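For reference, the structure is listed below as structure tokens.
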2 protein chains.
Amino acid sequence: MKFYLIACCLLAFLHLSAAKWSKPRRLNMMLNSRREIRDERCRQFRTITQKVDHFGFVNTDTYDQRYTLNTDYWESGRPIFFYAGNEGDIDLFCDNTGFMWDIAPLFNAMVVFGEHRYYGKSLPYGNASYLKPENARYLTSGQALADYAYLLDYIRSSIKGAENSPAIVFGGSYGGMLAAYFRMKYPHVVAGAHAASAPILQMTTPCEAFSRVVTQDFLRESSQCVDIIRSSWGAINRIAAAAGGLQRLTNLFKLCRPLQTADELKNWLLDMYGNIAMVDYPYPTSFLADLPAFPARAYCANVTASSLDRVNDDIDIVQRIVRGTNVFFNYTGHTECFDTGSQGTPSLGDLGWSYQSCTEFVMPMCSDGVNDMFEKQDWDFQAFSDSCYLQWQVRPRFEWPYIEYGGKNISDLRFYSNIAFTNGNLDPWSSGGVNVQVAPTLPAILVTGGAHHLDLRGANKADPPSVLQARQEIVALIETWIS
Amino acid sequence: MKFYLIACCLLAFLHLSAAKWSKPRRLNMMLNSRREIRDERCRQFRTITQKVDHFGFVNTDTYDQRYTLNTDYWESGRPIFFYAGNEGDIDLFCDNTGFMWDIAPLFNAMVVFGEHRYYGKSLPYGNASYLKPENARYLTSGQALADYAYLLDYIRSSIKGAENSPAIVFGGSYGGMLAAYFRMKYPHVVAGAHAASAPILQMTTPCEAFSRVVTQDFLRESSQCVDIIRSSWGAINRIAAAAGGLQRLTNLFKLCRPLQTADELKNWLLDMYGNIAMVDYPYPTSFLADLPAFPARAYCANVTASSLDRVNDDIDIVQRIVRGTNVFFNYTGHTECFDTGSQGTPSLGDLGWSYQSCTEFVMPMCSDGVNDMFEKQDWDFQAFSDSCYLQWQVRPRFEWPYIEYGGKNISDLRFYSNIAFTNGNLDPWSSGGVNVQVAPTLPAILVTGGAHHLDLRGANKADPPSVLQARQEIVALIETWIS
């Protein structure tokens, strides 16, 4: 969990790589997807010319925003289903949001996916979009929402029969935050929102919450597994501190490049635990990696396997972790060595989310090593801010999201309407989600046994009853919202 | 009505003055007020440091926003009454919004007036705020609303007992638009809004609507008066076209400087008619000028006085107009000559509103000379846009307000809540106001016999029953909103 490692290990990271230590936890794993589903409808791209700066009149630059639009099921006057794209290529979100495609025929809905500015091919300044602060400055959620409002206005103006079509916005993770925000700020544009696994309260949630949910996910599989993970940090530290220790760890973990610090390895593992918790789906997926159903269960099965019985030995503990790691990074057995610099394919999306977490979306993370299975790490806003300044020449304003969107207190939301917040109890991001209903038209739907926005995925035989129920509730809500 | 004169008379105006022709109709007359009431509570200024750019992270400049705060009636936990300052010095709005002061004791309310950025003393770049596009670019309604949200957050954080105080926002004219927008965009910050004479639909209202209401105001006093005014434009044109005609008009109107064009005179008169309609209050006021009660009535009485009976003669018609003009510009008889360049004291506020109407708030105006008492003038967006570019190096985006705030169709507003829209039927800006109730908590309150935001003014013995009723309704609504 890079967020809290940043705080304590700033100097160590500075030695390692200027780019790495300020890269925060990703909100959405779809970016690195291996595209398990490839839907040709998600590649029928269109573009719309957008203002780079909606909120001022001096910069008159424009850029081409990419989107997909499908009218296979649509009938005149019927709804527009709009996906508020998040930090990545829009075709990936389109491929992986089967729910919208599944229910579009029920509503005779048009299906539109809007790509988020500064991601995918929607780059305001092309390859130079991140090269200098003056170019990157228009990467904000507010500008993205204005793009979406213009896009929907354009669709309604240009497609005959769509003038009065109500729009429903969908999104998962950061896209879910955008879906909620879109309805909050533009209720004249969208009639309702399905905000899946949207941690809109993460900025004001206690920093240890995320770590605890990750730990709970593993604990429900095996308390022994959690004990081993909790022990592993000390084991790694001790091995690393011994002569030739880093090389030994490099060999044990079959890393492609020699470790420079123990933190490099621990970060890689921390990210993995968070990712396993996020994608702890009830059926095999190929999101971040080829994974079995319930990957946390598979991980713990490997770690606790009885053939390994020397639990008190540092090397034994690390070997157990290595076996677990294989579940996530080498389930198919084809990987020869591992790269600690990445949890998947490097992508421009990482850069964008780094910028966004250094400006609007500071999500404090920490752990205490007691109520969670990680090393104790404090949250240090100043160190985080300094790291942002070094990389981006900007500093975050942690208060801005709750000024702009509310959420300092959850009751702030009570004046908003027609937003369904869905959260899975396995998803660590649920810790920053809206899990209680604060107003009559703001249902909080719990998906028991669900990981990160499981409900947005296409129907699957292994779906738990809770997600079938959640999807039915969403369908009923949409009926209400568009009537 | 400079808006539509711009369209047809661009070249004439270019000869006259580069500054004048792009100056649109003012929304609020308070700026030039002669401060009939001077309330010391309105001079207890405070300042708060605000970001110049809330919507980005690259420009980290700050400025001191001015506001007033009064706790004479306030008790812990009780409401905050907040005035969303519009285009001028905040003390003037404070002096002239007696309604808030009148009802503050009923609610034990704190009374706060926030100054709008780029007006009064709240200048992001001091005297250079308008000198170049890069300095002026942060003058938008969205930035102003963010200032207000930060200010209220600061008040709640820093004043003991205010943490959970609900806030009610008030505003008149452009301030009324801001009050409505504030509730629409920040319902987590303000529980309700009293939006008085707020023409939030003016940007999408037919351009002739304003002229027709002005005409109706005069028509209710005298149809002969309206006929004379309608005839006067031709009379002025014919006199101006004759040899020595402009000098003759200069003398007839007792102008301080010789007229350069007939348009200069006609613009001055057009502005006057709009202003008389706006301040057609039922008791003497000293807003734009020292005026009698019902100034349109006094104007028409002078214009139609029976001692002047040569109505068909151009000189006679103009002399009648001159006599009417004296009601507005020389009611006290102390003015020796008149300045066509101004309807009152020149002020930085004019500059700011010129910029705002050249960016966000394009309010198309036109007249047909048949259903109104003015010369036929078309609306020409391109010419207006060109004039804006010449003065400010920016062009308006006429669609942006309805994208950002809704209002392309009035039904866009139905998802918003807790906004009371008040409009007087004498007020020409009511033509762009919300005059029908589109949702249960969006009452549209008509003030029969009321001019521009009469309801926000302090109680007066001459107040018509309609405004007493409106104020009672607002008090009852506030009770509901804060409960």
Side-chain angles (χ1 to χ4, degrees), chain A residues 51 53-60 132-143 145-146 149-150 152-153 156-157 163-164 183-192 355 358-360 388 392-397 399-400 402-409 411-418, chain B residues 51 53-60 132-143 145-146 149-150 152-153 156-157 163-164 183-192 355 358-360 388 392-397 399-400 402-409 411-418:
Chain A
K51 291 276 179 197
D53 183 14
H54 294 293
F55 300 112
F57 295 78
V58 170
N59 180 345
T60 56
K132 52 182 183 178
E134 191 55 41
N135 287 4
R137 71 186 285 184
Y138 304 102
L139 172 51
T140 68
S141 61
Q143 298 277 8
L145 295 178
Y150 263 102
L152 279 169
D153 185 68
R156 289 195 173 110
S157 307
E163 302 80 15
N164 299 310
R183 170 64 191 172
M184 287 160 71
K185 291 293 189 188
Y186 294 86
H188 53 282
V189 178
V190 286
Y355 186 85
C358 273
T359 49
E360 288 179 281
C388 288
W392 294 109
Q393 292 85 61
V394 295
R395 290 185 182 278
R397 274 184 281 143
E399 77 290 352
W400 176 236
Y402 72 70
I403 296 281
E404 188 175 22
Y405 301 117
K408 192 176 189 176
N409 303 302
S411 65
D412 286 350
L413 302 174
R414 70 188 183 281
F415 284 116
Y416 295 102
S417 64
N418 293 8
Chain B
K51 291 276 178 198
D53 184 13
H54 294 292
F55 300 112
F57 295 78
V58 171
N59 179 346
T60 56
K132 52 182 183 178
E134 191 54 41
N135 287 4
R137 69 187 286 185
Y138 305 101
L139 171 51
T140 68
S141 60
Q143 299 276 9
L145 294 179
Y150 264 101
L152 280 168
D153 185 68
R156 288 194 173 112
S157 308
E163 302 81 16
N164 299 310
R183 171 64 192 172
M184 287 159 71
K185 291 293 187 188
Y186 294 85
H188 53 283
V189 178
V190 286
Y355 185 85
C358 273
T359 49
E360 288 180 281
C388 289
W392 294 108
Q393 292 85 61
V394 296
R395 291 186 182 278
R397 274 185 282 143
E399 77 289 353
W400 176 236
Y402 73 69
I403 297 281
E404 188 174 24
Y405 301 117
K408 194 175 189 176
N409 302 302
S411 64
D412 286 349
L413 302 175
R414 70 188 182 281
F415 285 116
Y416 295 102
S417 64
N418 293 8

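Note that the coordinates shown come from a computational prediction; the quantities given were computed from them, not determined experimentally. Chain identifiers are assigned alphabetically (A, B, ...) following the order of the sequence lines, protein sequences preceding nucleic acid strands; residue numbering begins at 1 within each chain.
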Segment of [X] engaging chain A (4.5 angstrom heavy-atom cut-off):
X        : result
B/Ala136 : neither
B/Thr359 : both
B/Asn409 : neither
B/Arg183 : side chain

Rounding to 0.5 Å, atoms CD (B/Glu404) and CE (B/Met184) come to a distance of 9.5 Å

Interatomic distance, A/Gln393 atom CD to A/Cys388 atom SG [nearest 0.5 angstrom]: 11.0 Å

Please check: side-chain N/O of [X] versus main-chain N/O of [Y], any donor-acceptor pairing under 3.5 Å?
X        : Y        : value
A/Gln143 : A/His54  : yes
A/His188 : B/Ile403 : yes
B/Arg137 : A/Asn59  : no

Chain B: which of [options] shares the most heavy-atom pairs with it under 4.5 Å?
options                      : answer
A/Asp53, A/Asp412, A/Val58   : A/Val58
A/Phe57, A/Tyr186, A/Phe415  : A/Phe57
A/Glu399, A/Arg414, A/Arg395 : A/Glu399

Is it the side chain or the backbone of A/Tyr402 that comes within 4.5 Å of chain B heavy atoms, both, or neither? both

Cation over ring, A/Lys185 on B/Tyr405, under 6.0 Å and within 45°? no

